[in-house]
Amino acid sequence: MEASRQPGVEDQEHEAPIVVRGLQKAFGSQRVLNGVDLSARKGETVAVLGRSGTGKSVLLKLLIALEQPDAGSIRIRGQEITALERGELNRLRIRMGFLFQQGALYDSLTVGQNVEFPLRRHAKLSDAERRRKVQDLLSQVGMERDSGKMPSQISGGMQKRVGLARALALEPEILLLDEPTAGLDPITATEIGRLILELQEKRKITCIVVTHDIHGAKTFCDRMVFLEEGRVSLDGTFEELKKSRNSFLIEFLRDAA
Amino acid sequence: MSPSSYVTVRNGARGSWHPLKAVVIPFFEWFGELGLFCGRLARVAVTPPFEFGELIRQMDSIGSMSLPLVALAGAAIGVVLSLQTRDSLARFGAASMLLMVIIFTLIKESGPVITGLVMSGRVGAGIGAELGSMQVTEQIDAMEASAVDPYRYLVATRVLACVLMLPLLTLAADCAGILMGWVSQTLVEPISLRQFIASGLKDVMFSDFFPPTLKTTVFGLIIGVVACFQGMRTRGGTEGVGKAATSSVVLSSLFIILADVVLVRLILVLYP
(Lines give C-alpha, C1' and ligand atoms only; values in the text may rest on other atoms or scores of the structure.)
Protein backbone atom coordinates (compact mmCIF):
# COMPACT_ATOMS: atom_id res chain seq x y z
CA MET A 1 0.00 0.00 0.00
CA GLU A 2 1.48 3.32 -1.06
CA ALA A 3 0.58 5.17 2.17
CA SER A 4 2.26 2.58 4.41
CA ARG A 5 5.42 2.52 2.35
CA GLN A 6 8.34 3.98 4.32
CA PRO A 7 9.67 6.96 2.43
CA GLY A 8 13.02 6.42 0.86
CA VAL A 9 13.43 2.71 1.75
CA GLU A 10 13.20 1.55 -1.88
CA ASP A 11 15.39 4.41 -2.97
CA GLN A 12 17.95 3.45 -0.35
CA GLU A 13 18.01 -0.17 -1.56
CA HIS A 14 18.64 0.87 -5.13
CA GLU A 15 20.91 3.79 -4.44
CA ALA A 16 24.66 3.24 -4.89
CA PRO A 17 26.36 2.61 -1.50
CA ILE A 18 28.46 5.75 -1.94
CA VAL A 19 27.03 8.92 -3.50
CA VAL A 20 28.85 12.23 -3.09
CA ARG A 21 27.50 15.48 -4.53
CA GLY A 22 29.03 18.97 -4.58
CA LEU A 23 31.45 18.24 -1.73
CA GLN A 24 33.45 21.19 -0.50
CA LYS A 25 36.10 21.36 2.18
CA ALA A 26 38.59 24.06 3.13
CA PHE A 27 41.23 24.28 5.84
CA GLY A 28 41.52 27.94 6.74
CA SER A 29 41.95 29.86 3.50
CA GLN A 30 43.05 26.78 1.57
CA ARG A 31 40.19 25.22 -0.38
CA VAL A 32 40.97 21.51 -0.77
CA LEU A 33 37.76 20.14 -2.30
CA ASN A 34 35.61 22.37 -4.43
CA GLY A 35 32.50 20.51 -5.58
CA VAL A 36 33.48 16.84 -5.78
CA ASP A 37 30.91 14.48 -7.34
CA LEU A 38 31.57 10.78 -6.94
CA SER A 39 29.62 7.55 -6.70
CA ALA A 40 30.42 3.85 -6.38
CA ARG A 41 28.01 1.00 -7.13
CA LYS A 42 27.76 -2.14 -4.98
CA GLY A 43 30.80 -4.35 -5.56
CA GLU A 44 32.60 -1.67 -7.52
CA THR A 45 36.19 -0.59 -6.82
CA VAL A 46 36.94 3.01 -7.68
CA ALA A 47 40.46 4.41 -7.68
CA VAL A 48 40.94 8.06 -6.75
CA LEU A 49 44.00 9.48 -8.48
CA GLY A 50 45.55 12.91 -8.33
CA ARG A 51 48.68 14.79 -7.46
CA SER A 52 49.79 15.04 -3.84
CA GLY A 53 47.83 17.61 -1.87
CA THR A 54 44.70 17.47 -4.02
CA GLY A 55 42.57 16.27 -1.11
CA LYS A 56 42.33 12.54 -1.82
CA SER A 57 42.90 11.49 1.81
CA VAL A 58 40.58 14.27 2.99
CA LEU A 59 37.90 12.88 0.68
CA LEU A 60 38.23 9.43 2.30
CA LYS A 61 38.04 10.94 5.80
CA LEU A 62 34.91 12.84 4.79
CA LEU A 63 33.32 9.60 3.60
CA ILE A 64 33.61 8.10 7.11
CA ALA A 65 32.82 11.41 8.85
CA LEU A 66 36.25 11.89 10.41
CA GLU A 67 36.07 15.36 8.87
CA GLN A 68 32.98 17.52 8.38
CA PRO A 69 32.34 19.01 4.93
CA ASP A 70 31.75 22.74 4.45
CA ALA A 71 29.06 22.05 1.85
CA GLY A 72 27.68 19.20 -0.22
CA SER A 73 26.09 15.83 0.37
CA ILE A 74 27.59 12.45 1.33
CA ARG A 75 25.16 9.53 1.19
CA ILE A 76 26.46 6.20 2.46
CA ARG A 77 24.05 3.25 2.05
CA GLY A 78 21.30 5.79 1.48
CA GLN A 79 21.97 7.78 4.65
CA GLU A 80 23.13 11.36 4.64
CA ILE A 81 26.08 11.02 7.01
CA THR A 82 26.44 14.73 7.69
CA ALA A 83 23.03 14.63 9.41
CA LEU A 84 23.57 11.48 11.50
CA GLU A 85 23.87 11.45 15.28
CA ARG A 86 26.91 9.78 16.82
CA GLY A 87 25.09 6.52 17.59
CA GLU A 88 23.68 6.19 14.06
CA LEU A 89 27.04 7.16 12.60
CA ASN A 90 28.79 4.45 14.61
CA ARG A 91 26.27 1.85 13.43
CA LEU A 92 27.13 2.87 9.87
CA ARG A 93 30.88 2.89 10.56
CA ILE A 94 30.67 -0.74 11.73
CA ARG A 95 29.76 -1.59 8.12
CA MET A 96 32.78 0.31 6.82
CA GLY A 97 36.49 -0.44 6.92
CA PHE A 98 39.22 2.18 6.71
CA LEU A 99 42.90 1.68 6.00
CA PHE A 100 45.00 4.70 6.94
CA GLN A 101 47.98 5.82 4.89
CA GLN A 102 50.46 4.94 7.68
CA GLY A 103 48.47 2.02 9.09
CA ALA A 104 47.56 3.92 12.31
CA LEU A 105 48.00 0.84 14.50
CA TYR A 106 47.47 1.32 18.25
CA ASP A 107 51.05 1.28 19.49
CA SER A 108 50.16 0.05 23.00
CA LEU A 109 48.56 -3.13 21.57
CA THR A 110 50.16 -6.10 19.83
CA VAL A 111 49.49 -6.85 16.16
CA GLY A 112 46.90 -9.47 17.15
CA GLN A 113 45.22 -7.16 19.66
CA ASN A 114 45.01 -4.43 17.01
CA VAL A 115 43.04 -6.72 14.72
CA GLU A 116 41.01 -7.99 17.67
CA PHE A 117 40.11 -4.45 18.83
CA PRO A 118 37.00 -3.89 16.63
CA LEU A 119 35.92 -7.54 17.06
CA ARG A 120 36.05 -7.27 20.85
CA ARG A 121 33.72 -4.27 20.75
CA HIS A 122 31.29 -5.06 17.97
CA ALA A 123 31.26 -8.81 17.24
CA LYS A 124 29.47 -11.31 19.43
CA LEU A 125 32.12 -14.04 19.31
CA SER A 126 33.53 -16.38 21.93
CA ASP A 127 37.21 -15.97 22.85
CA ALA A 128 38.16 -19.00 20.74
CA GLU A 129 36.16 -17.79 17.73
CA ARG A 130 37.69 -14.35 18.04
CA ARG A 131 41.23 -15.75 18.22
CA ARG A 132 40.54 -17.91 15.16
CA LYS A 133 39.12 -14.94 13.27
CA VAL A 134 42.18 -12.81 14.12
CA GLN A 135 44.49 -15.57 12.84
CA ASP A 136 42.41 -15.89 9.63
CA LEU A 137 42.57 -12.14 9.01
CA LEU A 138 46.31 -12.00 9.68
CA SER A 139 46.95 -14.95 7.37
CA GLN A 140 44.99 -13.20 4.60
CA VAL A 141 47.60 -10.42 4.69
CA GLY A 142 50.54 -12.76 5.38
CA MET A 143 51.10 -11.64 8.97
CA GLU A 144 49.97 -14.73 10.91
CA ARG A 145 53.44 -15.28 12.42
CA ASP A 146 53.65 -11.76 13.85
CA SER A 147 50.53 -11.75 15.99
CA GLY A 148 52.43 -11.22 19.27
CA LYS A 149 54.70 -8.43 18.02
CA MET A 150 54.26 -4.77 18.85
CA PRO A 151 53.70 -2.33 15.93
CA SER A 152 57.13 -0.75 16.62
CA GLN A 153 58.76 -4.15 15.95
CA ILE A 154 57.44 -4.48 12.40
CA SER A 155 58.14 -2.51 9.22
CA GLY A 156 55.89 0.21 7.77
CA GLY A 157 54.70 -2.11 5.01
CA MET A 158 53.82 -4.79 7.56
CA GLN A 159 51.96 -2.21 9.65
CA LYS A 160 49.91 -1.35 6.60
CA ARG A 161 49.03 -5.02 6.05
CA VAL A 162 47.94 -5.33 9.69
CA GLY A 163 45.91 -2.13 9.23
CA LEU A 164 44.18 -3.78 6.28
CA ALA A 165 43.44 -6.90 8.36
CA ARG A 166 41.92 -4.63 11.04
CA ALA A 167 39.84 -2.80 8.41
CA LEU A 168 38.46 -6.16 7.25
CA ALA A 169 37.75 -7.49 10.76
CA LEU A 170 34.04 -6.64 10.85
CA GLU A 171 33.46 -7.84 7.27
CA PRO A 172 32.61 -4.37 5.97
CA GLU A 173 30.38 -3.68 3.01
CA ILE A 174 32.37 -0.56 2.16
CA LEU A 175 36.13 -0.37 2.24
CA LEU A 176 38.11 2.89 2.11
CA LEU A 177 41.79 2.38 1.41
CA ASP A 178 44.36 5.16 1.58
CA GLU A 179 47.40 4.14 -0.44
CA PRO A 180 47.15 0.40 0.27
CA THR A 181 50.19 -0.57 -1.79
CA ALA A 182 52.51 2.39 -1.12
CA GLY A 183 55.74 1.34 0.58
CA LEU A 184 55.17 -2.35 -0.09
CA ASP A 185 57.49 -4.57 -2.10
CA PRO A 186 56.09 -5.52 -5.55
CA ILE A 187 55.15 -9.07 -4.48
CA THR A 188 53.23 -7.93 -1.39
CA ALA A 189 51.63 -5.11 -3.39
CA THR A 190 50.39 -7.67 -5.93
CA GLU A 191 49.08 -9.87 -3.10
CA ILE A 192 47.19 -6.92 -1.61
CA GLY A 193 45.75 -6.15 -5.06
CA ARG A 194 44.70 -9.80 -5.37
CA LEU A 195 43.07 -9.66 -1.93
CA ILE A 196 41.06 -6.58 -2.95
CA LEU A 197 39.93 -8.37 -6.13
CA GLU A 198 38.96 -11.43 -4.09
CA LEU A 199 36.92 -9.31 -1.67
CA GLN A 200 35.21 -7.70 -4.62
CA GLU A 201 34.30 -11.06 -6.19
CA LYS A 202 33.37 -13.02 -3.05
CA ARG A 203 31.74 -10.39 -0.87
CA LYS A 204 30.78 -7.65 -3.33
CA ILE A 205 32.56 -5.05 -1.22
CA THR A 206 32.33 -1.49 -2.50
CA CYS A 207 35.78 -0.03 -2.39
CA ILE A 208 37.30 3.44 -2.80
CA VAL A 209 41.06 3.31 -3.18
CA VAL A 210 43.27 6.39 -3.02
CA THR A 211 46.47 5.49 -4.82
CA HIS A 212 49.39 6.68 -6.89
CA ASP A 213 50.01 3.12 -8.06
CA ILE A 214 48.33 3.43 -11.45
CA HIS A 215 49.40 -0.04 -12.59
CA GLY A 216 48.09 -1.69 -9.44
CA ALA A 217 44.86 0.30 -9.75
CA LYS A 218 44.51 -0.90 -13.37
CA THR A 219 44.34 -4.50 -12.15
CA PHE A 220 42.03 -4.17 -9.17
CA CYS A 221 39.88 -1.13 -9.93
CA ASP A 222 36.79 -1.02 -12.16
CA ARG A 223 36.89 2.70 -12.56
CA MET A 224 39.23 5.62 -11.91
CA VAL A 225 38.53 9.23 -11.04
CA PHE A 226 41.11 11.97 -11.35
CA LEU A 227 41.02 14.80 -8.79
CA GLU A 228 42.26 18.13 -10.02
CA GLU A 229 41.86 21.55 -8.42
CA GLY A 230 39.36 20.21 -5.90
CA ARG A 231 37.06 18.55 -8.46
CA VAL A 232 36.75 15.27 -10.31
CA SER A 233 38.06 16.24 -13.73
CA LEU A 234 37.88 12.77 -15.28
CA ASP A 235 35.89 9.65 -14.48
CA GLY A 236 36.21 6.41 -16.42
CA THR A 237 38.13 3.20 -17.00
CA PHE A 238 41.90 3.17 -17.34
CA GLU A 239 41.60 2.93 -21.13
CA GLU A 240 39.29 5.95 -21.17
CA LEU A 241 41.65 7.95 -18.97
CA LYS A 242 44.58 7.02 -21.21
CA LYS A 243 42.79 8.56 -24.20
CA SER A 244 42.19 11.83 -22.33
CA ARG A 245 43.89 15.00 -23.55
CA ASN A 246 44.00 16.49 -20.04
CA SER A 247 47.55 17.77 -19.68
CA PHE A 248 47.68 17.09 -15.91
CA LEU A 249 46.57 13.51 -16.43
CA ILE A 250 48.97 12.91 -19.33
CA GLU A 251 51.80 14.16 -17.13
CA PHE A 252 50.53 12.10 -14.17
CA LEU A 253 50.33 8.89 -16.22
CA ARG A 254 53.76 9.50 -17.74
CA ASP A 255 55.36 10.13 -14.31
CA ALA A 256 53.55 7.13 -12.78
CA ALA A 257 54.88 4.94 -15.60
CA MET B 1 39.04 66.22 12.88
CA SER B 2 40.09 66.05 9.26
CA PRO B 3 39.31 62.88 7.33
CA SER B 4 43.01 62.05 7.08
CA SER B 5 43.62 62.34 10.81
CA TYR B 6 40.49 60.30 11.44
CA VAL B 7 41.93 57.51 9.28
CA THR B 8 45.23 57.71 11.14
CA VAL B 9 43.49 57.39 14.51
CA ARG B 10 41.42 54.44 13.32
CA ASN B 11 44.44 52.68 11.88
CA GLY B 12 46.39 53.38 15.03
CA ALA B 13 43.60 51.90 17.16
CA ARG B 14 43.40 48.83 14.93
CA GLY B 15 47.18 48.43 15.03
CA SER B 16 47.23 48.37 18.83
CA TRP B 17 44.25 46.00 18.97
CA HIS B 18 45.82 43.36 16.74
CA PRO B 19 48.52 42.00 19.14
CA LEU B 20 45.94 41.98 21.94
CA LYS B 21 43.51 40.11 19.70
CA ALA B 22 46.14 37.47 19.03
CA VAL B 23 46.26 36.73 22.77
CA VAL B 24 42.67 37.34 23.86
CA ILE B 25 40.89 35.31 21.18
CA PRO B 26 42.98 32.10 21.62
CA PHE B 27 42.56 32.47 25.39
CA PHE B 28 38.75 32.47 25.17
CA GLU B 29 38.83 29.85 22.41
CA TRP B 30 40.84 27.57 24.70
CA PHE B 31 38.27 27.89 27.50
CA GLY B 32 35.41 27.43 25.03
CA GLU B 33 36.95 24.26 23.64
CA LEU B 34 37.66 23.06 27.18
CA GLY B 35 33.97 23.58 28.04
CA LEU B 36 32.85 21.55 25.02
CA PHE B 37 35.42 18.87 25.88
CA CYS B 38 34.14 18.65 29.47
CA GLY B 39 30.54 18.45 28.23
CA ARG B 40 31.34 15.52 25.95
CA LEU B 41 33.40 13.88 28.70
CA ALA B 42 30.55 14.20 31.22
CA ARG B 43 28.13 12.64 28.72
CA VAL B 44 30.27 9.56 28.01
CA ALA B 45 31.29 9.14 31.65
CA VAL B 46 27.72 8.55 32.84
CA THR B 47 26.26 6.58 29.90
CA PRO B 48 26.98 2.93 29.03
CA PRO B 49 28.93 1.09 27.70
CA PHE B 50 31.62 1.52 30.33
CA GLU B 51 35.20 0.54 29.58
CA PHE B 52 36.02 -1.24 32.87
CA GLY B 53 38.98 -3.16 31.46
CA GLU B 54 40.70 0.00 30.25
CA LEU B 55 39.82 1.77 33.54
CA ILE B 56 41.56 -0.95 35.58
CA ARG B 57 44.57 -0.78 33.25
CA GLN B 58 44.77 2.99 33.69
CA MET B 59 44.34 2.76 37.48
CA ASP B 60 47.29 0.37 37.52
CA SER B 61 49.35 2.58 35.23
CA ILE B 62 48.50 5.82 37.04
CA GLY B 63 48.28 4.45 40.59
CA SER B 64 50.65 1.54 41.16
CA MET B 65 53.33 2.84 38.84
CA SER B 66 53.36 6.25 40.59
CA LEU B 67 53.46 4.81 44.11
CA PRO B 68 57.28 4.73 44.54
CA LEU B 69 57.66 8.30 43.23
CA VAL B 70 54.88 9.70 45.41
CA ALA B 71 56.10 7.81 48.48
CA LEU B 72 59.62 9.13 47.91
CA ALA B 73 58.35 12.70 47.59
CA GLY B 74 56.25 12.28 50.77
CA ALA B 75 59.26 10.81 52.62
CA ALA B 76 61.47 13.72 51.58
CA ILE B 77 58.87 16.20 52.78
CA GLY B 78 58.64 14.33 56.11
CA VAL B 79 62.40 14.61 56.64
CA VAL B 80 62.54 18.27 55.58
CA LEU B 81 59.62 19.18 57.84
CA SER B 82 61.27 17.45 60.78
CA LEU B 83 64.62 19.18 60.18
CA GLN B 84 63.23 22.63 59.49
CA THR B 85 60.51 22.78 62.09
CA ARG B 86 62.57 21.58 65.04
CA ASP B 87 64.78 24.68 65.15
CA SER B 88 61.92 27.09 64.51
CA LEU B 89 59.72 25.62 67.25
CA ALA B 90 62.63 25.44 69.71
CA ARG B 91 63.28 29.13 69.09
CA PHE B 92 59.69 29.94 70.09
CA GLY B 93 59.73 27.52 73.01
CA ALA B 94 57.26 25.15 71.41
CA ALA B 95 59.53 22.13 70.79
CA SER B 96 56.92 19.85 72.39
CA MET B 97 54.59 20.64 69.49
CA LEU B 98 57.04 19.23 66.91
CA LEU B 99 55.40 15.83 66.34
CA MET B 100 51.97 17.38 65.98
CA VAL B 101 53.20 20.07 63.61
CA ILE B 102 54.91 17.49 61.35
CA ILE B 103 51.80 15.31 61.13
CA PHE B 104 49.36 18.21 60.79
CA THR B 105 51.38 19.86 58.05
CA LEU B 106 51.72 16.59 56.19
CA ILE B 107 48.11 15.48 56.23
CA LYS B 108 46.52 18.91 55.90
CA GLU B 109 48.58 20.48 53.12
CA SER B 110 51.98 19.14 52.17
CA GLY B 111 50.90 15.56 51.43
CA PRO B 112 47.93 16.46 49.16
CA VAL B 113 49.69 19.30 47.31
CA ILE B 114 52.97 17.44 46.80
CA THR B 115 51.06 14.40 45.54
CA GLY B 116 49.08 16.62 43.14
CA LEU B 117 52.18 18.34 41.79
CA VAL B 118 54.24 15.16 41.47
CA MET B 119 51.35 13.45 39.70
CA SER B 120 50.80 16.38 37.37
CA GLY B 121 54.43 15.97 36.33
CA ARG B 122 54.40 12.23 35.92
CA VAL B 123 50.86 11.50 34.78
CA GLY B 124 50.01 14.83 33.12
CA ALA B 125 53.05 14.65 30.85
CA GLY B 126 52.45 10.96 30.17
CA ILE B 127 48.79 11.35 29.21
CA GLY B 128 49.44 14.54 27.19
CA ALA B 129 52.25 12.90 25.22
CA GLU B 130 50.42 9.57 24.77
CA LEU B 131 47.18 11.06 23.46
CA GLY B 132 49.09 13.68 21.47
CA SER B 133 51.14 11.02 19.76
CA MET B 134 47.97 8.97 19.09
CA GLN B 135 46.39 12.08 17.58
CA VAL B 136 49.24 12.91 15.20
CA THR B 137 49.65 9.28 14.07
CA GLU B 138 45.88 9.03 13.33
CA GLN B 139 45.32 6.34 15.98
CA ILE B 140 42.44 8.36 17.42
CA ASP B 141 40.90 8.68 13.95
CA ALA B 142 41.37 4.92 13.54
CA MET B 143 39.47 4.37 16.78
CA GLU B 144 36.60 6.59 15.60
CA ALA B 145 36.59 4.81 12.24
CA SER B 146 36.21 1.52 14.18
CA ALA B 147 33.04 2.98 15.75
CA VAL B 148 34.70 3.26 19.18
CA ASP B 149 34.32 6.63 20.90
CA PRO B 150 37.85 7.76 21.89
CA TYR B 151 36.33 9.99 24.57
CA ARG B 152 34.77 6.94 26.19
CA TYR B 153 37.72 4.60 25.72
CA LEU B 154 40.70 6.93 26.20
CA VAL B 155 39.57 10.11 27.95
CA ALA B 156 36.91 9.02 30.46
CA THR B 157 39.00 6.09 31.70
CA ARG B 158 42.11 8.22 32.23
CA VAL B 159 40.25 11.05 33.98
CA LEU B 160 38.37 8.63 36.26
CA ALA B 161 41.58 6.74 37.07
CA CYS B 162 43.24 10.04 38.08
CA VAL B 163 40.25 10.99 40.27
CA LEU B 164 40.21 7.60 42.03
CA MET B 165 43.95 7.16 42.47
CA LEU B 166 44.97 10.60 43.75
CA PRO B 167 43.47 10.20 47.30
CA LEU B 168 45.05 6.76 47.64
CA LEU B 169 48.44 8.07 46.54
CA THR B 170 48.04 10.98 48.97
CA LEU B 171 47.58 8.45 51.79
CA ALA B 172 50.80 6.78 50.66
CA ALA B 173 52.63 10.13 50.63
CA ASP B 174 51.26 10.95 54.11
CA CYS B 175 52.36 7.57 55.51
CA ALA B 176 55.84 7.81 53.94
CA GLY B 177 56.19 11.38 55.24
CA ILE B 178 55.16 10.43 58.79
CA LEU B 179 57.49 7.43 58.76
CA MET B 180 60.49 9.40 57.53
CA GLY B 181 59.59 12.27 59.87
CA TRP B 182 59.84 9.79 62.72
CA VAL B 183 63.18 8.41 61.43
CA SER B 184 64.57 11.92 61.20
CA GLN B 185 63.25 12.79 64.67
CA THR B 186 64.46 9.61 66.32
CA LEU B 187 68.00 10.13 65.05
CA VAL B 188 68.17 13.38 67.01
CA GLU B 189 65.97 12.46 69.94
CA PRO B 190 65.08 8.73 70.15
CA ILE B 191 61.35 8.05 70.28
CA SER B 192 59.34 4.92 69.44
CA LEU B 193 57.17 4.98 66.31
CA ARG B 194 54.09 4.19 68.40
CA GLN B 195 54.78 7.13 70.70
CA PHE B 196 55.55 9.40 67.74
CA ILE B 197 52.23 8.58 66.05
CA ALA B 198 50.24 8.66 69.28
CA SER B 199 51.61 12.10 70.19
CA GLY B 200 51.30 13.43 66.67
CA LEU B 201 47.76 12.17 66.06
CA LYS B 202 46.50 13.03 69.55
CA ASP B 203 44.59 16.11 68.46
CA VAL B 204 43.96 15.18 64.83
CA MET B 205 40.27 15.18 64.04
CA PHE B 206 38.26 13.79 61.16
CA SER B 207 38.06 17.24 59.58
CA ASP B 208 41.85 17.57 59.67
CA PHE B 209 42.40 14.41 57.70
CA PHE B 210 39.43 13.54 55.49
CA PRO B 211 38.63 16.77 53.58
CA PRO B 212 42.27 17.53 52.64
CA THR B 213 42.72 13.96 51.40
CA LEU B 214 39.43 14.05 49.53
CA LYS B 215 40.30 17.36 47.88
CA THR B 216 42.92 15.52 45.85
CA THR B 217 40.06 14.04 43.80
CA VAL B 218 39.73 17.59 42.40
CA PHE B 219 43.48 17.61 41.71
CA GLY B 220 43.06 14.27 39.92
CA LEU B 221 40.19 15.71 37.89
CA ILE B 222 42.33 18.71 36.93
CA ILE B 223 45.30 16.54 35.90
CA GLY B 224 43.13 14.11 33.90
CA VAL B 225 41.02 16.75 32.14
CA VAL B 226 43.87 19.14 31.30
CA ALA B 227 46.24 16.39 30.10
CA CYS B 228 43.57 14.63 28.01
CA PHE B 229 42.35 17.94 26.56
CA GLN B 230 45.86 19.07 25.60
CA GLY B 231 46.61 15.62 24.17
CA MET B 232 43.41 15.41 22.12
CA ARG B 233 43.92 18.84 20.54
CA THR B 234 47.52 18.16 19.52
CA ARG B 235 48.45 19.24 16.02
CA GLY B 236 51.70 19.38 14.11
CA GLY B 237 53.74 16.18 14.52
CA THR B 238 56.38 15.52 17.15
CA GLU B 239 56.74 19.21 17.97
CA GLY B 240 53.02 19.29 18.79
CA VAL B 241 53.40 16.21 21.02
CA GLY B 242 56.19 17.92 22.97
CA LYS B 243 54.07 21.03 23.39
CA ALA B 244 51.09 18.95 24.54
CA ALA B 245 53.19 17.20 27.20
CA THR B 246 54.73 20.44 28.45
CA SER B 247 51.48 22.39 28.49
CA SER B 248 49.73 19.51 30.30
CA VAL B 249 52.23 19.71 33.16
CA VAL B 250 52.39 23.50 33.33
CA LEU B 251 48.64 24.07 33.16
CA SER B 252 47.64 21.24 35.49
CA SER B 253 50.26 22.33 38.09
CA LEU B 254 49.02 25.91 37.87
CA PHE B 255 45.36 24.91 38.16
CA ILE B 256 46.16 22.62 41.12
CA ILE B 257 47.75 25.49 43.02
CA LEU B 258 44.83 27.81 42.20
CA ALA B 259 42.25 25.14 43.07
CA ASP B 260 44.06 24.50 46.37
CA VAL B 261 43.45 28.11 47.42
CA VAL B 262 39.73 27.75 46.75
CA LEU B 263 39.48 24.29 48.32
CA VAL B 264 41.34 25.26 51.50
CA ARG B 265 38.96 28.19 51.94
CA LEU B 266 35.97 25.92 51.26
CA ILE B 267 37.17 23.35 53.81
CA LEU B 268 37.60 26.10 56.40
CA VAL B 269 34.03 27.26 55.76
CA LEU B 270 32.59 23.72 55.93
CA TYR B 271 34.73 22.59 58.91
CA PRO B 272 35.39 25.80 60.90
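Note that these values count all heavy atoms, side chains included, but never hydrogens, waters or copies made by symmetry. Here is the naming used below: chain letters follow the sequence lines, and residue numbers restart at 1 for every chain.
- For the atom pair CG of Leu89(A) and CG of Asp149(B), the computed distance is 10.5 Å after rounding to the nearest 0.5 Å.
- Shortest non-hydrogen contact noted between Ala147(B) and Arg93(A) is CB-CB, 4.0 Å.
- More than 12 heavy-atom neighbours from other residues, nucleotides or ligands sit within 6.0 angstrom of CZ on Arg130(A).
- Applying the 6.0 Å contact sphere to CZ of Arg122(B) captures more than 12 heavy atoms from other residues, nucleotides or ligands.
- Note that CZ of Arg86(A) is 8.0 Å distant from CZ of Arg43(B), once rounded to the nearest 0.5 Å.
- Rounding to the nearest 0.5 angstrom, the gap separating the NZ atom in Lys61(A) from the CD atom in Glu138(B) is 3.5 Å.
- Contacts of Ser146(B) with chain A are made by both backbone and side-chain atoms, with heavy-atom separations under 4.5 Å.
- In this structure, the separation between CG on Asp141(B) and CD on Glu67(A) is 7.0 Å, given to the nearest 0.5 Å.
- The CZ atom of Phe100(A) sits 10.5 Å away from the CD atom of Gln139(B) when rounded to the nearest 0.5 Å.
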Run Glu144(B) and Ile64(A) through side chain to side chain contact (heavy atoms under 4.5 Å, CB included) and show every step you take.
CA-CA 9 Å; Glu144(B) 283 221 52; Ile64(A) 199 162; over 6 Å; no

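- Both the backbone and the side chain of Tyr106(A) come within contact range of chain B, judged by heavy atoms closer than 4.5 Å.
- Per-residue heavy-atom pair counts under 4.5 Å with chain B were compared for Asp107(A), Leu99(A), Ile94(A), Leu105(A), and the maximum is reached by Asp107(A).
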Between Ser108(A) and Arg57(B), is the side chain to side chain contact (heavy atoms under 4.5 Å, CB included) condition met? List the steps.
CA-CA 12 Å; Ser108(A) 59; Arg57(B) 205 175 74 83; 4.3 Å; yes

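- Heavy-atom neighbours of Glu239(B) CD from other residues, nucleotides or ligands within 6.0 Å: at or below the threshold of 12.
- Residues Phe117(A) and Tyr153(B) place their aromatic rings such that the two centres sit under 6.0 Å apart.
- Residue Lys133(A) places its NZ atom among more than 12 non-hydrogen atoms of other residues, nucleotides or ligands, all under 6.0 Å distant.
- Among Ser133(B), Pro49(B), Ala142(B), the residue making the largest number of heavy-atom pairs under 4.5 Å with chain A is Ala142(B).
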